[in-house]
Amino acid sequence: MAKILYNLRFLIDFNTMTTILRRALYIGAALTNLFFFQVTQAADRLPAIPLEQYTAEQKQAVTQYEAVRKAPIFGPFEVMLYSPTMMTNAQEVGDYMKAGSAIPRNLAELAILYIAKEWNQDYVWYQHVPLALKAGLAQANVDALGYGQKPTNMNDDEDAVYAFVNEIVRNHQVADQTFDRVKRRFGSKGVVDLTSLTAFYVHLSMQLNVAKFKIPQGAAGIPHRVDATKP
């Protein structure tokens with residue numbers, strides 16, 4: 001009987017310690033996430049608006065954002081909160097790009113990284129490299145985009161999307177052959193969605209550049225970044 005009670009006490013103590021350890025790890029992770037979140041929100045201009053200073057319109061925009069995305073506002077959405085209706089409209093476009101677009105996620109991420117490089121936008125790059133790799137974009141292709149080079153081992157779909165985004169960004173036009181490649185593969189809806197994706201991430205990049213938005217210290221930005229603010 002004594003041995004049973006001893007084992008039972010040991011089990012209770014072990015379970016108690018396990019619970020305490022799990023809670024400690026959870027709190028530590030939460031504090032880490034809080035610190036990380038605060039660091040990534042740093043901006044030289046248009047800094048994050050303190051909660052207690054929100055207008056009624058800003059409170060409504062943030063509440064709607066958090067209800068849909070189940071997460072606090074971040075990055076370009078903190079910048080755009082200075083114009084809350086704009087932020088809400090941008091959020092809705094972003095949500096469509098994630099859930100309703102005819103362009104598959106890996107190809108969308110390829111386009112986003114191209115735009116991040118083109119606009120010297122470290123925060124977009126920092127946020128989307130992990131998403132691109134998770135979606136199946138090859139590391140070699142990510143590296144090439146970071147150095148402003150056309151990836152050499154793209155499949156047909158990747159090459160079609162790269163050509164489309166490259167032409168619309170560089171030339172402000174898309175050649176018939178390039179248009180037809182995307183349309184054949186993704187339909188007219190895909191053409192519109194890819195054009196809109198390009199415009200949307202140019203928009204986000206512009207907002208972040210104007211705000212001089214920072215990535216966390218020590219985080220990886222674009223490998224070969226040109227500082228456009230220097231003469």
Side-chain angles (χ1 to χ4, degrees), residues 40 65 68-71 73-77 79-80 87-175 178-209 213 215 220-223:
T40 60
Y65 180 101
V68 173
R69 296 206 173 185
K70 312 299 181 187
I73 62 172
F74 73 101
F77 298 99
V79 173
M80 287 186 286
M87 190 205 83
T88 297
N89 289 335
Q91 174 213 324
E92 291 174 353
V93 173
D95 292 340
Y96 170 78
M97 293 299 173
K98 291 180 179 179
S101 174
I103 305 301
R105 198 66 244 163
N106 63 315
L107 302 179
E109 294 297 339
L110 185 154
I112 292 166
L113 292 184
Y114 179 100
I115 295 160
K117 169 61 181 177
E118 184 69 19
W119 281 83
N120 284 324
Q121 191 15 255
D122 281 330
Y123 188 81
V124 172
W125 182 270
Y126 155 76
Q127 284 281 316
H128 282 271
V129 165
L131 299 176
L133 295 173
K134 182 179 179 180
L137 202 64
Q139 181 68 62
N141 291 350
V142 171
D143 293 342
L145 290 168
Y147 284 96
Q149 301 167 354
K150 179 179 179 179
T152 58
N153 59 342
M154 293 185 291
N155 60 38
D156 289 342
D157 286 348
E158 290 170 340
D159 189 73
V161 166
Y162 179 93
F164 188 100
V165 175
N166 181 64
E167 289 183 21
I168 200 170
V169 168
R170 300 281 182 177
N171 305 332
H172 303 167
Q173 298 286 340
V174 174
T178 306
F179 176 92
D180 290 341
R181 289 180 69 191
V182 172
K183 184 178 179 181
R184 280 197 303 270
R185 181 64 182 86
F186 304 108
S188 297
K189 180 178 187 294
V191 172
V192 173
D193 285 351
L194 184 54
T195 304
S196 298
L197 175 76
T198 304
F200 181 65
Y201 276 90
V202 167
H203 170 225
L204 296 188
S205 296
M206 291 171 71
Q207 295 284 3
L208 291 166
N209 282 352
F213 207 87
I215 60 175
I222 300 169

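Numbering starts at 1 and runs along the sequence shown. Keep in mind that the numbers below use all heavy atoms, side chains included, and drop hydrogens, waters and symmetry copies.
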S.K.: Side chains of Leu197 and Leu194: does their closest heavy-atom pair fall under 4.5 Å?
M.R.: yes
S.K.: Where the side chain of Asn106 meets the backbone of Ala135, is there a donor-acceptor pair that is under 3.5 Å apart?
M.R.: no
S.K.: Show the nearest heavy-atom pair for residues Ile103 and Gly190, with the distance to one decimal.
M.R.: CD1-O, 3.6 Å
S.K.: I'd like to know if the side chain of Asp193 reaches the main chain of Ala102, judged simply by a donor and an acceptor atom lying under 3.5 Å from each other, with no hydrogens or angles considered.
M.R.: yes
S.K.: Between Glu167 and Ala175 (side chain of the first, backbone of the second, donor and acceptor by atom type, cut-off under 3.5 Å), is there such a pair?
M.R.: yes
S.K.: Which heavy atom of Ala138 sits nearest a heavy atom of Leu133, and at what distance?
M.R.: C-CD2, 4.3 Å
S.K.: Side-chain contact, heavy-atom cut-off 4.5 Å: Val68 with Glu92?
M.R.: no
S.K.: Rounded to the nearest 0.5 Å, how far apart are CG of Leu110 and CD of Glu158?
M.R.: 6.0 Å
S.K.: Could you state the interatomic distance from CE (Met80) to CD1 (Ile73), rounded to the nearest 0.5 Å?
M.R.: 9.5 Å
S.K.: In Å and rounded to the nearest 0.5 Å, what is the CZ to CZ distance from Phe77 to Arg69?
M.R.: 4.0 Å
S.K.: Looking at every non-hydrogen atom in both residues, tell me the closest pair between Asn141 and Pro151 and how far apart they are.
M.R.: OD1-CB, 3.2 Å
S.K.: Mind checking whether Pro76 and Phe213 have side chains closer than 4.5 Å, heavy atoms only?
M.R.: no
S.K.: Keeping Asn171 on the side-chain end and Gln173 on the backbone end, is there a donor-acceptor pair under 3.5 Å?
M.R.: no
S.K.: Would you please test Trp119 and Val124 for side chain to side chain contact (heavy atoms under 4.5 Å, CB included) and show each step?
M.R.: CA-CA 10 Å; Trp119 281 83; Val124 172; over 6 Å; no
S.K.: What are the two closest non-hydrogen atoms of Ile112 and Arg105, and how far apart are they?
M.R.: CD1-NH2, 3.6 Å
S.K.: Looking at Gly100 and Lys189, what are the two nearest heavy atoms and their distance?
M.R.: O-NZ, 2.8 Å
S.K.: Go through it in stages, so that I can follow the logic: the residues are Asp159 and Lys150, the test is side chain to side chain contact (heavy atoms under 4.5 Å, CB included), and I'd like the CA-CA distance, side-chain angles, deciding distance and then a yes or no.
M.R.: CA-CA 9 Å; Asp159 189 73; Lys150 179 179 179 179; 3.2 Å; yes
S.K.: Distance from Leu113 atom CG to Tyr162 atom OH, nearest 0.5 Å?
M.R.: 12.0 Å
S.K.: Which value, rounded to the nearest 0.5 Å, describes the distance between Lys70 atom NZ and Tyr65 atom OH?
M.R.: 13.0 Å
S.K.: With rounding to the nearest 0.5 Å, note down the distance linking CD1 in Ile222 to CG in Leu145.
M.R.: 10.5 Å
S.K.: Of all heavy-atom pairs between Leu107 and Val161, which one has the smallest distance, and what is that distance?
M.R.: O-CG1, 3.8 Å
S.K.: Are Leu131 and Glu109 side-chain neighbours, meaning at least one heavy-atom pair lies under 4.5 Å?
M.R.: yes
S.K.: Determine whether Ile115 and Ser205 make a side-chain contact, defined as any pair of heavy atoms from C-beta on separated by less than 4.5 Å.
M.R.: yes
S.K.: Walk me through whether Ile215 and Trp125 qualify under side chain to side chain contact (heavy atoms under 4.5 Å, CB included).
M.R.: CA-CA 10 Å; Ile215 60 175; Trp125 182 270; over 6 Å; no
S.K.: Tell me whether the count of non-hydrogen atoms from other residues, nucleotides or ligands lying under 6.0 Å of CG in Asp156 goes above 12.
M.R.: no
S.K.: Assess whether side chain to side chain contact (heavy atoms under 4.5 Å, CB included) is satisfied between Met206 and Gln121, documenting all intermediate values.
M.R.: CA-CA 8 Å; Met206 291 171 71; Gln121 191 15 255; over 6 Å; no
